[in-house]
Amino acid sequence: MGIAPSNDAPFRTIDDVEFGDGVIVRSFANLYGCRIGAGTTIGTFVEIQRGVVVGARCKIQSHSFLCEGVELEDEVFVGHGVLFVNDRYPAATAATGELKGPEDWELLRVRVARRASLGSGAVVMGGVTVGEGALVGAGAVVTRDVAAGAVVAGVPARAVRSA
């Protein structure tokens, strides 16, 4: 693992990131405290937060948001504007009226298995696993696990067909 991507795009924030060989990070991306596997490409205006693990040979398109608790296995495709959610009950403040801190919420992890594809604008809720080779349609809201090889679409996402 290296400490810098293999390209020199300007205007990006990279802090405490482990890079595999041949990673490309486009301009205006924010990456911090994460791990990016070899051969992965990260598009413009992508944010990848602390604790995220991205496998090898993934493609993450522009304007996507990968929050803490997300794991992408190898060869995953993330379309434009895909959003991951890691908190079931988001709120700015605790019952006391103080701003919420790390101790005030439960991290809900998301795992996207090898060779799965997430269409543009999809929203993947916390606690969900997207199975190997699954396809999530554009604009779908994934609220429960997606079986390996399944194709899901809609709000909430429902099976359209399976392998």
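Reckoned from all heavy atoms, side chains included, excluding hydrogens, waters and symmetry mates.
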For [X] against [Y], the heavy-atom pair lying closest together:
X    : Y    : answer
A113 : E132 : CB-N, 3.3 Å
T41  : R26  : CG2-NH2, 4.3 Å
S64  : V78  : OG-CG1, 3.7 Å
V110 : G127 : CG2-N, 4.2 Å
A122 : V136 : CB-CG1, 4.0 Å
G97  : T93  : O-CG2, 3.5 Å

Is any side-chain heavy atom of F28 less than 4.5 Å from a side-chain heavy atom of R12?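 Result no, sub-4.5 Å side-chain heavy-atom pair not found.
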Once you round to the nearest 0.5 Å, how far does [atom1] of [X] lie from [atom2] of [Y]?
X   : Y   : atom1 : atom2 : result
L72 : C58 : CG    : SG    : 5.5 Å
D16 : C34 : CG    : SG    : 8.5 Å
E68 : D87 : CD    : CG    : 10.5 Å
R50 : D15 : CZ    : CG    : 6.5 Å
L31 : E47 : CG    : CD    : 8.5 Å

Do V85 and C67 pass the side-chain contact (heavy atoms from CB on, under 4.5 Å) test, and can you show the C-alpha distance, the side-chain angles, and the key distance before you say yes or no? CA-CA 7 Å; V85 178; C67 55; 5.7 Å; no
Do you know which of I60, V54, V53, I14 makes side-chain contact (heavy atoms from CB on, under 4.5 Å) with I36?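 That would be V54.
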Begin with the C-alpha distance, continue with both residues' side-chain angles, and end with the deciding distance and a verdict on salt bridge (charged side-chain N to carboxylate O under 4.0 Å, His left out) for E75 and R114. CA-CA 6 Å; E75 302 173 24; R114 183 176 181 272; 3.5 Å; yes
Ignoring hydrogens and angles, tell me if any N or O in the side chain of N7 forms a donor-acceptor pair with the backbone of V25 under 3.5 Å.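 Such a contact is found between N7 side chain and V25 backbone.
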Quick check against the 3.5 Å criterion: does T40 have a side-chain atom that pairs as donor or acceptor with the backbone of G55?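 Here the side-chain-to-backbone pair exists.
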Is there a chain of hydrophobic side chains (I, L, V, M, F, W, Y, each step under 4.5 Å between heavy atoms) that links V128 to V52?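 Same cluster: V128 reaches V52 through Ile, Leu, Val, Met, Phe, Trp or Tyr contacts under 4.5 Å.
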Would you say V17 ends up clustered with I42 if hydrophobic residues are merged whenever their side chains have heavy atoms under 4.5 Å apart, either directly or through other cluster members?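 I42 and V17: one cluster.
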For residues 60-87, which residue pairs pass the ring pair (Phe, Tyr, Trp, His ring centres under 6.0 Å) check, not counting sequence neighbours?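 Residue pairs with at least one partner in residues 60-87: F45-H63.
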For E73, what residues pass the salt bridge (charged side-chain N to carboxylate O under 4.0 Å, His left out) criterion, not counting sequence neighbours?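 E73: salt bridge (charged side-chain N to carboxylate O under 4.0 Å, His left out) contacts with R111.
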